[in-house]
Structures are given as C-alpha cells and as structure tokens.
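Structure record follows, encoded as structure tokens.
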Amino acid sequence: MADRTAADLVVERLRAWRVPRVFGYPGAALAPLVAALERAGGDPAFVPARHEEAASFMATGHAKFTGGIGVCLASQGPSAVQLLNGLYDAKLDSKPVVAIVGEDVSGPLGDAHQEIGLTRLFADVCNQFVRYARGPGHLPALLDQAFRTAAATRSPVCVVLPREVQEAAVPDLRTYAGGVVTATPGEPPARVLPHEPDLAAAAELLGSGRRVAILVGQGARDAVDEVVALADRLGAGVACSLLGKPVVDERLPYHAGVLGEAGTRAAAELMGGCDTLLLVGTNDPWTGYLPMPGQVRTVQIDIDGRRVGSRYLVDVPLVGDAAETLRALLARVPDRPSPQWRATVENSVDRWRRELVDRAAAPAEPVNPQLVLQELSPRLPRTAAVAVDVGSVVYWYARHLELPPGVNAQLCGTLGAMGCALPYAVAAKLAAPDQPVVALLGDGAMQLNGLAELITVAHHWTRWQDPRLVVLVLNNRDQSGLAAGREPAGDPAQRRPDVPYAGWARLLGLHGVRVDRPELVGAAWDEALAADRPCVVEAVVDAAVPLAPPEPALADLRGLFADGDAAHRLREQVDRQLSVAADDIV
C-alpha cells in the first residue's frame, strides 16, 4: 500500500497476535488508528464503548473469559484516566491487557491542552511495561514486547502512541536493527514444576494430615480433575475463593462453597476444623477466615512465586502449574481417605444447604433477593457465561447460585470496582456469540454505566447466533449497596432514585421483565431465557434482607492467637478439641 501508515502497522501487529477485537472510545488522538481498524474490515474488530472505563472493563473481561490478551484504546488526558479502573482490575486479578493510549500534543510538553504525564499515570497499574512509541520503525518490536510482557506477567501494560507517529508513513523496516521484523508473536507456555525435594515434603505433609482442607482459586481452573482426585485420596473438604467458585463442581457433597465475608458458614467451619491446608492457585484476601496461626500446616501451589506466602504462613511452598504440580503430588501422596473427617464436612455442607433454602424462602418486601438467585440455579444454561458486579449481589451469587461444571463466571474479585458486570458480559458475548450470557448486578452498577452500555448491547445483538444476554438488576433503591444489616432500614440518606430498568431496555428494542412478587420470579427467568433478544430482568427486592456474613470459625480465640505465647500454649489443646468434636459429629 502506497499510503500505508504506522497505524496500519499497529493493526497488522494486532492481527499477528490474533487479537479478535479492540475495545475503546474514539478520540482525536486515536483517529488514525481507529481509521486503520475500520480499513481492516473487522480483523481485528473495533468495539466502541459508551465510556473509556467500560472499554477497559471489556478488555479485562475478554482476558478473564477467554484466557487471551485484552486490548483497549483511549486518548490522552481525561480519556486515559478513565482506563485505570479496568486496568487495576486486570492487575489485581492477574490478567493480561494491553492499553494503547493516543497522544496529540503540539508544541513543547508541559502545559498542552489535556496533557498529563502518561508514564507517571500508568507507572503503577502498568508497572511491568510503559513505553512511548517514538517512531514507526520501532513499532513491531515495541508491540511484540508489550504483548509478551502482558502474557508473561499476567498483567496490564501500556503503549503510548503519539498521533504524529500513527500518521507517519511506514519506512523500509529492513534498514532497522535486527530483531524488529524477525520477532515472532506469541510464545509457547512453559512447563513449570517444583523441585523433587519440595514435592516430597508437600506429599509427606499432606499425607500425614488427619483433617485436610483444600482452598481452590482461579489458578486451579485447568486442574479440576486433579483437585477432586487429591481430595478423594485424602478425604479432604473443599472450599473456594470468589474467583475460584467456577472451578470445582459445587454439587459435590464435600464442597463447602465460597470462603470469606460473602461466603458460607460451611466453608468457615471447614477452615476452623482442619489441621492441614492446601492452597491451590488462590490469592484470596479474606485471610480472617483462614485457620488461626498455629492451627494447621500448609502447602501452597501457585505459578507466581511472589504470591506464595504473601497472605498466609506456608510450610511448604510449591511454585508451579497447578495441574502439573497436583499430578506430581498424586503420584506421591498415600491413599488415606479419612472417612470420619469427610463425613463431618459433608454434614456441615448439608446443614448449610438446607439453611440456604430457608433463607431464600423467608418473606421480604416485596421480593427476597436470595430467592431470585436461587431460582436461577436450576435454569442456568450449562453453556452460559456469568458476569457478576460488586455489591450485595456478590453475597447472593456466592451462596445461592450453584454453577454447573463448565459455566464460566467472572467478577472483579480483588479490586471490587462497581460497574464491571455489563462490560464483562459484552466481552463474553462477543467472544462466544453462540452461547448465552447472564449478567448479575444491582441498581447502583446499572445506574453507574449499565444503562449506557445497554446501548452497546442493542447495537450488536442482531449479529449474535444466540441472542440471549440476560441482565439481572436487583432494584433495592439502596445507595450504599451494602447497607443491609448495617444501617437502619429505610434510611432516606441511603435511598437511590428509582429507574424503570426493564422499560429502558424495551425503549432500546430489547426485552424487559419487571418482577415485584415472589411467585413470579421463576416465570420471569423462564421468559428471559426464552426471549429472542437480550433481556433485562428487573427484580424489585428488599434492601433490608441482611447480608449476614458468616462468623469465622473459632472467632473468639483469634484475639488470643495474636499473642505468640498464647498461640503456642493453646495449639495442642485446640487440636485435641477439634478432633474430639469431629468424632462426636460422626
């Protein structure tokens, strides 16, 4: 092409890295690149969001749902600032994202219109890689390095692309130093295994445990069979982090559910009763729900050595791939099923599941939000993807929505930024337009950016093979989002303006269902999942239903265990009491 520009070269590198789509908000500083994407004819596609923050959440959502590298675009100044939430989400949940930021500054740097220090702005969130493109000849190597760094470190990176560079003609790249045009996109994944002495020590520790608990995080996603096999061999109970909820089949009788403030009493009891703990691919922040110091001996498996022991004291650290490492352990761990402990765990799980049914059936005004999620469980398509927002909906999702094996569910687990679910859902749907997607959010997230991003849904849905994208809005008119059980019910200061969410969906040409009676909840889900277009289910729910976080097991002893001497004195006594209690329950 005689008029081939550096912007076209960027598009070629994106295509070489097999980027299917780029999310962004067009601006003057990115106009040449957006034009080049349009000339590319959809390879990769440009997906304009209504807001830059939503675009960065879409890129992170793409990385979470597909395992690939997400890409987002923004211009300089305020547009660039809006990317931070989604990029911090990627950083804290360890997902690879490449942010390309346009800059259009004429004259000397320092006081130009909309100018901010982009390298300083992204220095923390993209601390692994922030670079300026200074000329078109260096772009292939620069972009290859950015993508490699994002993939290798599982983190966001940033490339600042001045408009004058985007518009520049592509020179003869053969005149540049070696490595510019010979770099090959992509790298084969490495096989990472711990050393033999560490595997042997971990196998000995796990094999000698009488009451083993396994806490599973998102890092165990490819190691489901190995986790279940090891749990059966040791008679262990299993719990999961919020991000690890989709990993292991929640219908297993010894799966205690999510651990933490939004989690289950059964998971807290599992942690309180175990004497041996295996952490697999988790960096869960709810450390107050882990066993007390001195109670257990611990093995941790993580691909990132920086995470091992960062939140909890570990006796045997194992740096390696979860599946590979667990297979190596299975070859070394003795078969000790511990039936009494397993029966104790299953009894605890059974009690908790019965309690969940009672909680969902409790009367509320007008609808119990727990019932809304519980009614979705038997109806959730087995090929669905689920996007979850921040707020009280996380509590109901964690406890009441039983995910079938194979259902991919994602949320902003570590950052906890509101407004992620609908952008996530868009990214998931564009990645797999032949599969249904369900987004779960509250009215706060819907007002934050969901109302606007429904326009994005309305723009794209007619091209989807399966048109089902169901957006649940829990409309409780609660400003705090987490006030239930903590603030006075009906406090006017906590009231959020009421919005006809289902009506807004219908104005956009989508389907909308409003539910304000408990007997209509199941029928509303049936209608939404059978609709011939995306649907908003607006459930008018009671903000006064308490969140009721589970009490950490043995919480009354945690103050004593803050004192090292007390921990030493009580360790054997607590272990004996837990052992007797487990035998008594059986």
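Below, all heavy atoms of this structure are taken into account, side chains as well, without hydrogens, waters or symmetry copies.
- Within a 6.0 Å radius of CZ in Arg18, other residues, nucleotides and ligands contribute 12 heavy atoms or fewer.
- The shortest side-chain heavy-atom distance between Thr276 and Val296 does not fall under the 4.5 Å cut-off.
- With contacts defined as side-chain heavy-atom distances shorter than 4.5 Å, the pair Phe65/Leu430 does not qualify.
- Taking a 6.0 Å sphere around CZ of Arg382, one finds it holds more than 12 heavy atoms contributed by other residues, nucleotides or ligands.
- Relative to the six-membered ring of Tyr397, Arg399 misses at least one condition, a distance below 6.0 Å or an angle of at most 45° to the axis.
- Shown are Leu440, Leu401, Val372; of these, the side chain to side chain contact (heavy atoms under 4.5 Å, CB included) with Val393 is made only by Leu440.
- In summary, the side chains of Tyr88 and Asp124 do present a donor paired with an acceptor at a separation below 3.5 Å, with no hydrogens or angles considered.
- Using a 30° and 60° split on the angle between ring planes, Tyr424 and Phe57 fall in the perpendicular class, above 60°.
- Checked by atom type, the side-chain pair Tyr395/Gln370 shows no donor-acceptor distance below 3.5 Å.
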Going by atom type alone, with no hydrogens or angles, which donor-acceptor pairs under 3.5 Å involve a side-chain atom of residues 410-418 and a protein atom two or more places apart or on another chain?
residue, atom, partner, partner atom, Å
Gln410, NE2, Lys64, O, 3.2
Gln410, NE2, Asn408, OD1, 3.0
Thr414, OG1, Leu92, O, 3.4
Thr414, OG1, Asp93, OD1, 2.6

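- Looking at heavy atoms from C-beta onward, Val160 lies out of side-chain contact with Phe122 at the 4.5 angstrom threshold.
- For the atom pair CG (Asp89) and CD (Glu53), the distance works out to 10.0 Å, reported to the nearest 0.5 Å.
- Between Glu12 and Arg15 there is no salt bridge, since no side-chain nitrogen of the basic residue lies less than 4.0 Å from a carboxylate oxygen of the acidic one.
- No side-chain heavy atom of Asp284 sits less than 4.5 Å from a side-chain heavy atom of Arg311.
- Between Arg354 and Asp358 there is no salt bridge, since no side-chain nitrogen of the basic residue lies less than 4.0 Å from a carboxylate oxygen of the acidic one.
- Side-chain atoms of His255 and Glu346, non-hydrogen and from C-beta on, never get closer than 4.5 Å to each other.
- Salt bridge status for Arg351 with Glu269: present, with a side-chain N to carboxylate O gap under 4.0 Å.
- Checked by atom type, the side-chain pair Ser208/Arg297 shows a donor-acceptor distance below 3.5 Å.
- A 4.5 Å side-chain heavy-atom check between Gln295 and Asp275 finds every atom pair outside the cut-off.
- Checked by atom type, the side-chain pair Ser94/Arg307 shows a donor-acceptor distance below 3.5 Å.
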